[in-house]
2 protein chains.
Amino acid sequence: MITQKDIAREAGVSVMTVSRVVNGQYKKVSRENIEKIQSIISRYGYVPNLSARSLSSKSSGIVVLIIRGKGNRLMDPYNGAIVGYMSQFLQEAGYSTMVYTVLDYRDVTRRLRTWNAQGAIFFGMFDNEIEQIREENKIPLVFNDSYSTLRQVTNIGIDDFKGGQLAARYLIGMGHRLVGFCGTSLSDNGVDRQRFLGFSSVLKEAGCPLSEESVFDADLESLPPPDAYADGRQPTALFITSDLKAIEFSLRMRSQGLHVPQDCSLIGFDDLPIAGFTTPPLTTIRQDIRQKARYTVDTLLNHMADSSRPSERIVLDVSLVVRGSVADLRT
Amino acid sequence: MITQKDIAREAGVSVMTVSRVVNGQYKKVSRENIEKIQSIISRYGYVPNLSARSLSSKSSGIVVLIIRGKGNRLMDPYNGAIVGYMSQFLQEAGYSTMVYTVLDYRDVTRRLRTWNAQGAIFFGMFDNEIEQIREENKIPLVFNDSYSTLRQVTNIGIDDFKGGQLAARYLIGMGHRLVGFCGTSLSDNGVDRQRFLGFSSVLKEAGCPLSEESVFDADLESLPPPDAYADGRQPTALFITSDLKAIEFSLRMRSQGLHVPQDCSLIGFDDLPIAGFTTPPLTTIRQDIRQKARYTVDTLLNHMADSSRPSERIVLDVSLVVRGSVADLRT
DNA sequence: CCACTAAATGTTATCGTTAACATATTCAAA
DNA sequence: TTTGAATATGTTAACGATAACATTTAGTGG
C-alpha cells in the first residue's frame, strides 16, 4: 500500500509537496511537480488514508446518520428511502456516511466521537436530549421532524399540521361525519401530534369533532378490531398516520371479510411507492422524501462549511393524493 | 475531548497502562489501576479515537458494503432490508459499516483503502472483477449471489436454480402450458440465468419448452405490452424474477383493463413484505433475507478472525409461497 | 540472602497525514 | 546592488493510539 512518502521519494520531493498536490493546493506547487506527482499517483493508484488525515487535520469527512430505535430500521421503506438518498447526496459531495441506530442518547456521543464525525443528522424523536447532545458534540447537527421548542435547532420537517387538515377536509368533503384518527406518541410533541391537531381542528370547525373514543394513540395491535367498523356507530373513515400501518390495517380488515373503502375509508401518510400498488390504491398525504433528504443534506453541508451560520428551520409542503381508499358518501 | 494522555496524567500512570485497560488486557494491569482508570473513563466519558487506533494498529473496525449500481439503491426494498440487517449484525459485533454504491470496480479499491477496511461484502455482479479486486485488497471479501467460477470465492447465495424449478412446477401443476420468463442480464451467469435454467429445464421435461419469443431478457419497459396477453396465443403465465417488477407489471396490466390472474398469471421472486399486500396477493419464490444477511456477516467475521480459513460457498434454500396471482387452469 | 521468574509498568518509535513555521529561490522595484 | 514581496519547497512536530521492547517490582525456591 503506497503512501505519500513513497511518492515523495519517487518524485524526489518532500512529502509536504505531495500532500499539497493531493489536496489540490495547486497554487503552491510548480506545474512541473504537480504533473510529476499526479502521474505517480495514478500509476500506483495511491489513495489517501483518511484515518491519518482525520487524525492530523480533525477533518474526517464522515457524516453520521442517527436513527432512534432498534433492530433493522432500514426495512421500513421510509427510512430506507431517506437514508439511501442522504448517503447518495453525501457521497456525491465527497463525504462518507455511517448509519447508526441508537436506543439511548448516550450512544450518540460515542458514535460521533469515535470517528471524529464532522456532522450528524438525526431521525426520530430526540427533542428532550437535543441540548445534551449538542453540548457534548460541537459539530453541526441537523434534525428531521423535530418539534423541539429550543431555539437554535436546525430542523428539516414537513407541514404535518397541514397534512392533518388536508386529510380532514377531504373526508368532510366526501361526506364523512364520524371519523377516527390513529397515530402514536400523541403526548410527545412529534409529527403525529401535529397531524392530529390539524386533523381535529378542521373537524371541529366543520361541526363534527373527534370523539375521544375515536382517537387511537396506539400501535396497530391495540386498535379496535376491524369488525367493529361494520356497525354504523363506528367511524366511516380513519386517518392513519403512516401508509404502512394503513395498508396493514386494510389487510386485517380484508382477512375478516371487510373491505376498504366500503366498510371503512382510509387515508394514509407518506405516499410510499407501495401506496399506489394496493387494492384499492391508498389515498394518502404525500411528502417528498427525496426533497427532504436533499434539503437536509444541503443544510448540513452549509453549516459544516460555515459554523457561524444561524440555525434554520425548513418546513416542506405536503399534498393530498387522491386514490381509491375513501368512499364517497354524498348521496 | 479527552484522550488517553489526559487519563494517564490524572491517574498518575503511563498512557500504555491506560491503553491496556481500554483494550481489556486486564491480566497485565493491577486491579487497583484498572479500577482507577475505569472510573476516570466513565467520569469523563472517554471514547477511543478509532482513527488513531486504525492508524497505529491497522485494525479499523470498519466493514464496507459495496453495492453495484447508481442512485438510491436502498430504496429497493430488497437492498434496504439486507443492508439494514447486515449493518445491524455488524454493529452488534462491534463493527462499523459503510455503504457505498459504485459503478466501476476501480472505485472499490478506493473505498476500501481510504478507511483501512477490515472486510467487505459485495452485492450485485462483480464476477469478472473479483480477481482484480482481491488482488488489490488483501482483506476478507464475501460475495452475495455471485456465480463466479473462480475457486476461492467466498459466497453466500440462494438456490436460484431450484427457485426457477419451483415456479415452473407450480405453473405446470396449475395447468399452464404456454408460459413466459422475464429476467435481466441472462447472458451473464448471474442469479437470473440460474433461475431461467431451472425454470426452463422443468418446462422442457414437462413437454412444453419455453419458446424463444417468450423469454424476455429485459427491463420491464421493453416487455411486450400487457394487452398482448389477452389473445390466446400468448403465455397464460409469466415468471418475473423480482416481486417489485411483477407488481409493477400487474399495475400496468390493470391500467389497461386486464387482470391478474384472469388475463395472465404471475409468479414473482423474493417474497418481499409487499408481496402479501397486493391484489391479488403475489405468488412468489421466497428467500430469507434476514438469514442471508446473518450467514454473510457471520462468514465474514469468521474470515476476519482467521485469515487462513478456506473459502466457502453457502447456498440457502428457497421455497414457493402460494398466494393468489396464479390462475388454476385445470378444467 | 541471592538468583530467577512472573507480574506490572514504562519508553520509544511508528502508523500516514497535515499545520505551522522556516528556508530557498526568483523577480521586480528602488 | 539591495530590498522586499511572491513563489516554491522543506522541516519539525503533532494528531491519538498501539506494538515491541525495556525496565522495575514483587514473590519464589534454593
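No experiment lies behind these values; they were computed from the predicted model shown. What's counted below: heavy atoms across the whole structure, side chains too, no hydrogens, waters or symmetry copies. Just so it is clear: chains get the letters A, B, ... in the order the sequence lines come, proteins before strands, and each one is counted from 1.
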(message) Would you say B:S56 places a side-chain N or O within less than 4.0 Å of OP1 or OP2 belonging to D:dA17?
(response)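 For B:S56, the contact criterion (side-chain N or O under 4.0 Å from OP1 or OP2 of D:dA17) is not met.
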Please give, in whole Å, the distance from [N] [atom2] to [X] [atom1]?
X     : N      : atom1 : atom2 : answer
B:N23 : D:dG16 : CG    : P     : 17 Å
B:Q25 : D:dA17 : CD    : C1'   : 12 Å
B:L55 : D:dA14 : CG    : C1'   : 12 Å

(request) List in chain and number order the residues that pass ring pair (Phe, Tyr, Trp, His ring centres under 6.0 Å) with B:Y78, two or more places apart in sequence or in another chain; answer none if no residue qualifies. (result)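 B:Y78 satisfies ring pair (Phe, Tyr, Trp, His ring centres under 6.0 Å) with no residue once adjacent residues are dropped.
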Over all atoms of both residues, closest heavy-atom pair of [X] and [Y]:
X      : Y      : value
A:Y147 : A:D160 : OH-OD2, 2.8 Å
B:I130 : B:S146 : CD1-OG, 3.8 Å
B:L150 : B:R313 : O-NH2, 2.8 Å
A:G80  : B:L74  : O-CB, 3.6 Å

(request) Identify, between B:V13 and A:V47, the residue whose nearest nucleotide on DNA chain C lies closer to the 5' end. (result)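 Nearest nucleotide further toward 5': that of B:V13.
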(message) Quiz question: by atom type and distance under 3.5 Å, do the side chains of A:S54 and A:S60 form a donor-acceptor pair?
(response)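 A:S60 and A:S54 do not have a side-chain donor-acceptor pair below 3.5 Å.
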(request) Go through the side-chain N and O atoms of A:Y100 and B:Q91 and say whether any donor and acceptor fall under 3.5 Å apart. (result)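 The criterion, which ignores hydrogens and geometry beyond distance, is not satisfied for B:Q91 and A:Y100.
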(request) List in numerical order all residues of residues 28-44 of chain A for which some heavy atom is under 4.0 Å away from an atom belonging to DNA chain C. (result)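 Here the set is empty: none.
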(request) For DNA chain C, determine which residues of residues 2-11 of chain B have any heavy atom closer than 4.0 angstrom to one of its atoms, and list them numerically. (result)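 Hits under 4.0 Å, by residue number: none.
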(message) Heavy atoms only, 4.0 Å cut-off, all strands: where does B:S57 land among base, sugar-phosphate and nothing?
(response)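 Sugar-phosphate contact only - B:S57 comes under 4.0 Å of backbone atoms but never of a base.
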(request) Identify whether any heavy atom of A:Y46 sits under 4.0 Å from a base atom; if not, whether one sits that close to sugar-phosphate; answer base, sugar-phosphate or nothing. (result)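 Sugar-phosphate: the residue A:Y46, judged by heavy atoms under 4.0 Å, touches backbone atoms but no base.
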With the criterion being N/O to N/O and under 3.5 Å, what pairs connect the protein with nucleotides 20-25 of chain D, and how long is each?
none

(request) Using the heavy-atom set of chain A and a strict 4.0 Å cut-off, write down the first and last nucleotide of DNA chain C that makes it in, 5' to 3'. (result)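 That gives a stretch of C:dG16 to C:dA20.
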For the backbone of [Y] and the side chain of [X], can you confirm whether one donor and one acceptor N or O come within less than 3.5 Å of each other?
X      : Y      : value
B:D192 : B:T184 : yes
A:S56  : A:A52  : no
B:Q88  : A:N72  : yes

(request) Scan residues 54-70 of chain B for pairs that pass salt bridge (Lys or Arg N to Asp or Glu O under 4.0 Å), counting only residues two or more places apart or in two chains. (result)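 Found B:R68-B:E129.
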(request) Tell me whether the guanidinium CZ or amine NZ of B:R20 lies under 6.0 angstrom from the six-membered ring centre of B:Y26 and within 45° of its axis. (result)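 No.
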(request) By nearest nucleotide on DNA chain D, pick out whichever of A:V15 and A:K27 is the more 5' one. (result)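 This one resolves to A:K27.
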(message) Do the side chains of B:D107 and B:R111 get close enough for a salt bridge, i.e. N-O under 4.0 angstrom?
(response)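 Between B:R111 and B:D107 there is no salt bridge, as every charged N stays at least 4.0 Å from the carboxylate O atoms.
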